[in-house]
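See below for the structure under consideration.
Below, all heavy atoms of this structure are taken into account, side chains as well, without hydrogens, waters or symmetry copies.
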Amino acid sequence: MKSIFWNRRGEFRLLLLYIPAVALTGVFANLRAPVLEIVWDMVFYKGLAFGLHHFSTFDLNRHFPMPPLYPFLISPGFFASDYLTVEMIQSWINPALYFLGLYPLYAYARRFLDPSASLFVCLLYLLYPAAAYTQWSMSENLAAPLALCVMLYAMRLLTDPRPRMRDGALLGFAIAGLVLTRIFLIVFCAAALFWVANRTARRDRDPSPVLMAFSTAFSLVVFSWWQLGYFTNHGPSLVYADFNQNPLPSLLASFFAIFSAHWTGLWLEGGLLITGLVVVQWLIAILFPQQRDPAFKEAVQMILFLYAACTVVVAWYYVKRMGFEPWSISLRYIFYLNLVSLPAVVAALGVLRRASRSTRLFHLGFYTAIVLIFSAGFLIPASWAKFSDPAAFFSNAPSLDFLYQIRNEGAWAVFGFLAGLSCLAGAVSLFSPRAGFLLLAGFLLYLQLSTFDQVDKVRRRAVQDSFAMEIHDLCRQIQMGKWEGLTLYCDDNIPLLVPNLYYWVNRPAGPWPEDGPRPRPPYLLVSRTDYPGGRLEFESGELKVYLFE
């Protein structure tokens with residue numbers, strides 16, 4: 001009998017996974033009307049999207065070097081004439097973009113896994129904490145599938161007996177798209193391209209596809225930046241401040257604290273298993289090459305190189321930014337490393353069940369040492385200070401919202417509990433594929449649900465802090481001129497009410513005034529405190545300013 005789940009070639013029909021994932025996420029996002037956006041980046045992307053929808057009156061050059069591809073893809077939402085419809089459209093666009101990553105991930109996993117195991121990889125992708133970004137207007141929704149495309153085409157160039165120019169061109173398109181979606185991922189792209197080029201040269205393979213990838217990516221990025229006016233921009237960036245030029249005390253200690261915080265955060269966001277199992281797979285591929293085919297060995301070697309390169313650059317970046325802003329645990333820069341690791345991790349499940357006793361003990365000991373190293377960030381005071389401060393990681397590292405529940409226990413207690421749990425789960429996973437998959441899926445699901453719960457709490461708190469004035473109703477009334485009797489409120493608890501109102505109500509051209517990314521006089525100002533001397537002033541029927549006398 002013909003199966004509805006598998007095609008004639010035995011491959012899983014991914015539409016049967018993609019459509020329910022998008023539908024369930026979209027329905028969840030719209031169970032209640034979306035309220036206030038809760039992170040500055042979200043409002044910024046919405047402002048850019050609105051500007052790109054009205055491109056003739058929009059100067060993107062003022063927003064250098066914000067990549068335009070993601071805002072462009074959510075800009076069709078602004079065909080709608082009211083705020084609620086815009087939010088509804090964009091709440092469906094985001095999961096539709098993010099879950100496109102199922103397709104390159106499945107194709108990449110099939111390089112060294114069978115169809116059933118590749119399907120398990122896709123299920124883990126659905127459960128990964130970064131799926132929380134589908135509830136927000138964040139470029140990660142587009143960057144995640146593009147990063148997987150980069151890995152897929154890189155693996156094709158590394159492992160196909162005769163690499164094709166078409167795959168080189170596709171790798172170039174994927175790299176260009178990723179750079180034009182999230183600028184920091186130029187590090188990921190450069191590291192991947194360097195690894196492919198280096199391996200191609202060392203193995204004396206045809207370099208033409210690699211040159212095609214480089215030329216395609218370079219040409220598309222340079223042409224796009226030139227057309228957007230980024231090369232002629234002379235103003236300060238609203239997104240990336242200049243690096244700190246002053247000497248920093250204990251430079252090495254600062255770097256190590258930031259680096260360790262990110263490797264520990266990445267380990268936690270990987271459900272306590274992904275990073276450790278990848279390193280074990282690398283060791284097995286090195287010590288027992290006969291147990292792994294060339295595609296698998298190429299994949300784990302490239303993954304480990306990407307882990308090192310990207311995490312080092314993130315740590316260096318925050319060291320250089322010290323003095324301009326406090327550093328945070330920004331897994332938004334590197335969570336892609338765990339996503340590209342998923343196929344290798346599934347391949348690691350049950351890998352020791354037929355090994356000799358000495359081999360088992362060696363790998364279990366090695367895995368335990370790796371877990372202790374990855375979780376050591378909890379024991380470094382400067383790193384723990386960030387883990388125990390919710391403001392240091394919320395939205396920048398979705399899974400770390402889990403620490404809201406346990407951070408008061410102290411560094412050693414958290415270290416002991418999570419490291420012990422990871423060691424136990426890893427030991428089970430290395431002996432039983434089924435149990436390992438269930439454990440990893442359960443951990444990832446728990447982290448994701450804790451993130452969704454935190455997002456919901458912050459949204460509800462935003463409504464409470466604005467005295468239950470639902471923001472969409474507020475925007476509709478202001479837009480229609482029904483402003484009499486309305487009191488506009490905002491304080492430190494809901495600072496993004498200002499730009500939310502601004503991009504929807506007061507939007508003649510660019511979304512922000514020239515003197516900065518936040519509206520300032522004579523632009524829209526609101527306050528939580530009802531000042532008796534305050535008055536609403538209108539100009540040509542549009543809200544201009546809330547003045548205080």
Side-chain angles (χ1 to χ4, degrees), residues 103-114 117-118 121 146-179 185-223 275 277-313 334 336-337 339-348 351:
Y103 293 91
L105 180 60
Y106 183 84
Y108 158 48
R110 285 291 288 118
R111 307 298 290 181
F112 46 88
L113 294 173
D114 61 38
S118 299
V121 171
L146 287 174
L148 291 168
C149 286
V150 170
M151 193 68 181
L152 167 64
Y153 297 122
M155 281 298 100
R156 287 184 177 176
L157 294 188
L158 287 172
T159 60
D160 284 353
R162 301 182 64 181
R164 295 176 292 182
M165 294 289 285
R166 184 185 69 177
D167 290 331
L170 290 172
L171 176 58
F173 277 106
I175 289 174
L178 194 52
V179 172
L185 287 180
I186 196 170
V187 177
F188 179 92
C189 296
L193 196 55
F194 170 82
W195 183 263
V196 173
N198 180 60
R199 293 293 296 160
T200 299
R202 291 181 61 182
R203 295 161 62 194
D204 198 24
R205 288 161 62 89
D206 181 10
S208 300
V210 180
L211 294 174
M212 172 63 77
F214 174 80
S215 60
T216 301
F218 182 81
S219 301
L220 288 174
V221 171
V222 169
F223 178 78
T275 49
L277 291 179
V278 166
V279 178
V280 169
Q281 280 286 51
W282 173 79
L283 181 70
I284 292 175
I286 294 295
L287 296 181
F288 305 102
Q290 70 279 3
Q291 297 181 11
R292 291 289 175 258
D293 60 37
F296 183 84
K297 287 185 287 186
E298 291 289 352
V300 293
Q301 290 178 29
M302 181 173 169
I303 289 169
L304 263 294
F305 177 74
L306 291 174
Y307 267 94
C310 294
T311 312
V312 164
V313 172
I334 55 175
Y336 313 93
L337 302 174
L339 294 184
V340 301
S341 302
L342 289 176
V345 169
V346 171
V351 74

- Check M302 against A154 and note the closest heavy-atom contact, atom names and distance. CE-CB, 3.7 Å

- Geometric class of the F214/F218 ring pair [parallel <30°, tilted 30-60°, perpendicular >60°]: parallel

- CG (D114) with more than 12 external heavy atoms under 6.0 Å: yes

- Message: Within the structure provided, determine whether M165 and S208 are in side-chain contact (heavy-atom separation under 4.5 Å).
- Response: yes

- Message: Do I286 and W282 have side chains that approach each other closer than 4.5 Å (heavy atoms only, starting at C-beta)?
- Response: yes

- Query: Are side-chain heavy atoms of L306 and W195 found at a separation under 4.5 Å?
  - Reply: no

- Task: Check whether more than 12 heavy atoms from other residues, nucleotides or ligands sit under 6.0 Å from atom OH of Y103, and answer yes or no.
- Result: yes

- Query: Sequence neighbours excluded, which residues qualify as ring-ring contact (aromatic ring centres under 6.0 Å, His included) partners of F173?
  - Reply: none

- Query: Are L171 and L193 side-chain neighbours, meaning at least one heavy-atom pair lies under 4.5 Å?
  - Reply: yes

- Item | Partner of V121 under side-chain contact (heavy atoms from CB on, under 4.5 Å), chosen from L339, V346, V345 | V346

- Query: Quick one: does F188's side chain get under 4.5 Å of I334's, heavy atoms only?
  - Reply: no

- Which residue pairs pass the side chain to side chain donor-acceptor pair (under 3.5 Å) test with at least one member in residues 294-307, sequence neighbours excluded? R199-E298, R203-E298, Y307-N338, Y307-S341

- Message: Taking the side chain as everything from C-beta on, heavy atoms only, tell me whether L337 gets closer than 4.5 Å to T311.
- Response: yes

- Query: What closest approach, in Å, do T200 and P207 show between heavy atoms, and which atom pair accounts for it?
  - Reply: CG2-CA, 4.1 Å

- Message: Minimum heavy-atom separation for A299 and F112, please, with both atom names.
- Response: CB-CE2, 3.8 Å

